[in-house]
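Remember, predicted model here, so these are calculated numbers, not experimental data. These values consider heavy atoms only, across backbone and side chains, with no hydrogens, waters or symmetry-generated copies.
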Amino acid sequence: MFKHSIIFALILLITIPMMGAENVVKHGNSFLLGGRKVVIITHKTDTTYNSQIAKFLTASGAQVVEGMAAKVIYPRLVITRGEIEGKTGDGFSIKVSRNKIAIRYTSDQYATKAIEYLQTLYDEPFARQIIRGVNVISIERRIKTNNMPGINGSVVDCASKYLALETIQAALRRLSASGKRDVIVLLGSPDAMRLNMECFTLFNPNQAIVAPKESYSPVLSSNLTRFGTTNNIKITLGVDLLSENKNFENWSGHQINSVEGMRLVRAIIEELAHTWGVDRLYIGQSTDTYANDVRYRAFLSKIATDNRVELVIL
């Protein structure tokens with residue numbers, strides 16, 4: 001564990017593989033292919049996928065044309081490399097309209113996936129060859145180790161000792177005044193799991209994991225969200241799920257990375273995501289006991305995918 005002082009840290013984002021598109025919006029503006037002339041537009045230094053796309057379009061009934069004039073005259077398929085607007089992570093987006101198909105991808109891997117996905121949109125209703133009208137976003141959050149963007153490692157530790165909301169807010173103001181605008185508020189650690197959660201009650205209705213009067217409810221999350229927005233502070237809630245946790249073991253009867261322990265870990269993250277409104281959760285350090293347990297990491301990755309929550313390891 002760490003002391004709640006400034007930590008110059010690295011970040012590991014747990015993999016969140018997207019098996020399908022994250023967001024698919026269907027509409028009626030399909031792109032007509034049959035017998036139509038279509039121009040492919042890419043950045044002049046990145047024409048890697050032109051032949052692959054041209055082959056697909058031709059096989060689907062379109063005529064691929066080239067030249068500057070064609071870019072003005074004919075319907076277009078535009079493919080570009082870059083970040084997906086408003087999203088963090090690797091992936092692709094596809095926007096289909098009557099006269100334009102726009103594909104954006106973050107890496108070669110996702111360019112291939114985007115083209116594969118585009119091919120699934122081909123249809124022949126009433127003997128017409130079309131690309132169905134949809135807007136698609138598919139994102140896989142990255143596994144990476146790099147300097148943690150924005151977060152200075154500042155932590156308000158509410159696990160070792162219960163802190164009232166006013167005390168937490170005062171600590172946040174002090175950190176903000178010293179230039180720390182990305183802060184972890186730690187609610188659960190081997191010292192105590194100060195979370196008032198339904199899953200704890202269901203798991204062990206006869207014994208609270210911590211005294212209710214010294215635990216936090218979803219109200220804290222909403223209060224901190226408002227406080228952070230008002231004061232321009234990015235607040236990440238934290239629950240240590242990677243350390244050996246005797247407090248957890250004594251209460252539950254299970255090690256945190258055991259089969260039964262992992263069922264409860266899943267319940268904790270799901271409740272935080274869906275009841276507390278958490279979409280980014282700090283879960284421990286890369287040096288913690290279970291941080292390199294491959295089976296446990298894969299398990300956490302699956303939970304992150306299922307619940308669309310980003311799990312952060314310092």
### Task
Using only heavy-atom distances, determine whether the side chains of Thr80 and Arg104 contain a donor-acceptor pair under 3.5 Å.
yes

### Message
We want to know whether Ser215 and Arg194 form a side-chain donor-acceptor pair, criterion being a heavy-atom distance below 3.5 angstrom.
### Response
no

### Query
Hey, what else clusters with Ile130 if you join Ile, Leu, Val, Met, Phe, Trp, Tyr whenever side-chain heavy atoms sit under 4.5 Å?
Leu32

### Query
Checking side chain to side chain contact (heavy atoms under 4.5 Å, CB included) for the pair Leu314/Ile184: CA distance, chi angles, key distance, verdict?
CA-CA 11 Å; Leu314 290 179; Ile184 294 168; 3.8 Å; yes

Check: residues 166-173 side-chain donor-acceptor pairs under 3.5 Å, at least two apart:
none

### NZ/NE/NH1/NH2 to OD/OE distance under 4.0 Å, Arg81 and Asp108
yes

### Query
Is it true that Asp157 and Lys161 have a side-chain N and a carboxylate O under 4.0 angstrom from each other?
no

### Message
Within the 4.5 Å heavy-atom criterion, are Ile40 and Val64 side-chain neighbours or not?
### Response
yes

### Task
Answer whether the closest heavy-atom distance between the side chains of Val239 and Leu281 falls below 4.5 Å.
yes

Give a yes or no on whether [X] and [Y] share a hydrophobic cluster (residues Ile, Leu, Val, Met, Phe, Trp, Tyr; joining criterion: side-chain heavy atoms under 4.5 Å apart).
{"X": "Val219", "Y": "Leu186", "value": "no"}
{"X": "Tyr105", "Y": "Val24", "value": "yes"}
{"X": "Ile233", "Y": "Leu165", "value": "yes"}

### Summary
With sequence neighbours left out, the residues meeting side chain to side chain contact (heavy atoms under 4.5 Å, CB included) with Thr112 are Tyr49, Glu116

### Query
What do the steps show when you test Asp306 against Lys302 for salt bridge (charged side-chain N to carboxylate O under 4.0 Å, His left out), and what is the final call?
CA-CA 6 Å; Asp306 293 344; Lys302 179 65 165 58; 2.8 Å; yes

### Task
Fit a plane to each ring of Phe92 and Tyr117, take the angle between them on a 0 to 90° scale, and name the class: parallel (under 30°), tilted (30 to 60°) or perpendicular (over 60°).
tilted

### Query
Which value, rounded to the nearest 0.5 Å, describes the distance between Arg36 atom CZ and Gln129 atom CD?
12.5 Å

#### Entry: Verdict with supporting geometry, Asn245 and Met193, side chain to side chain contact (heavy atoms under 4.5 Å, CB included)
CA-CA 10 Å; Asn245 193 324; Met193 299 288 278; 3.9 Å; yes

### Task
Locate the shortest heavy-atom distance separating Ser189 from Ala159; write the atom from each residue and the value.
OG-CB, 3.4 Å

### Task
Please report the closest heavy-atom contact between Asp240 and Gly284, naming both atoms and the distance.
OD1-CA, 4.2 Å

### Query
Is there a donor-acceptor pair under 3.5 Å between the side chain of Arg132 and the backbone N or O of Thr120?
yes

### Message
Quick test of your reading: applying ring-ring contact (aromatic ring centres under 6.0 Å, His included), list the pairs with at least one residue in residues 160-189, sequence neighbours left out, ordered by first then second residue.
### Response
Tyr162-Tyr216

### Task
May I have all residue pairs that pass ring-ring contact (aromatic ring centres under 6.0 Å, His included) and include part of residues 191-213, sequence neighbours excluded?
Phe200-Trp251, Phe203-Trp251

Mind listing the side-chain donor-acceptor pairs of residues 260-276 below 3.5 Å, one per line with the distance, residues two or more places apart or on another chain?
unit_1 : atom_1 : unit_2 : atom_2 : d
Glu260 : OE2    : Arg263 : NH1    : 2.6
Arg266 : NH1    : Glu270 : OE2    : 3.4
Glu271 : OE1    : Glu198 : N      : 3.3
Glu271 : OE1    : Cys199 : N      : 2.9
Glu271 : OE2    : Glu198 : N      : 2.7
His274 : NE2    : Asn307 : OD1    : 2.6

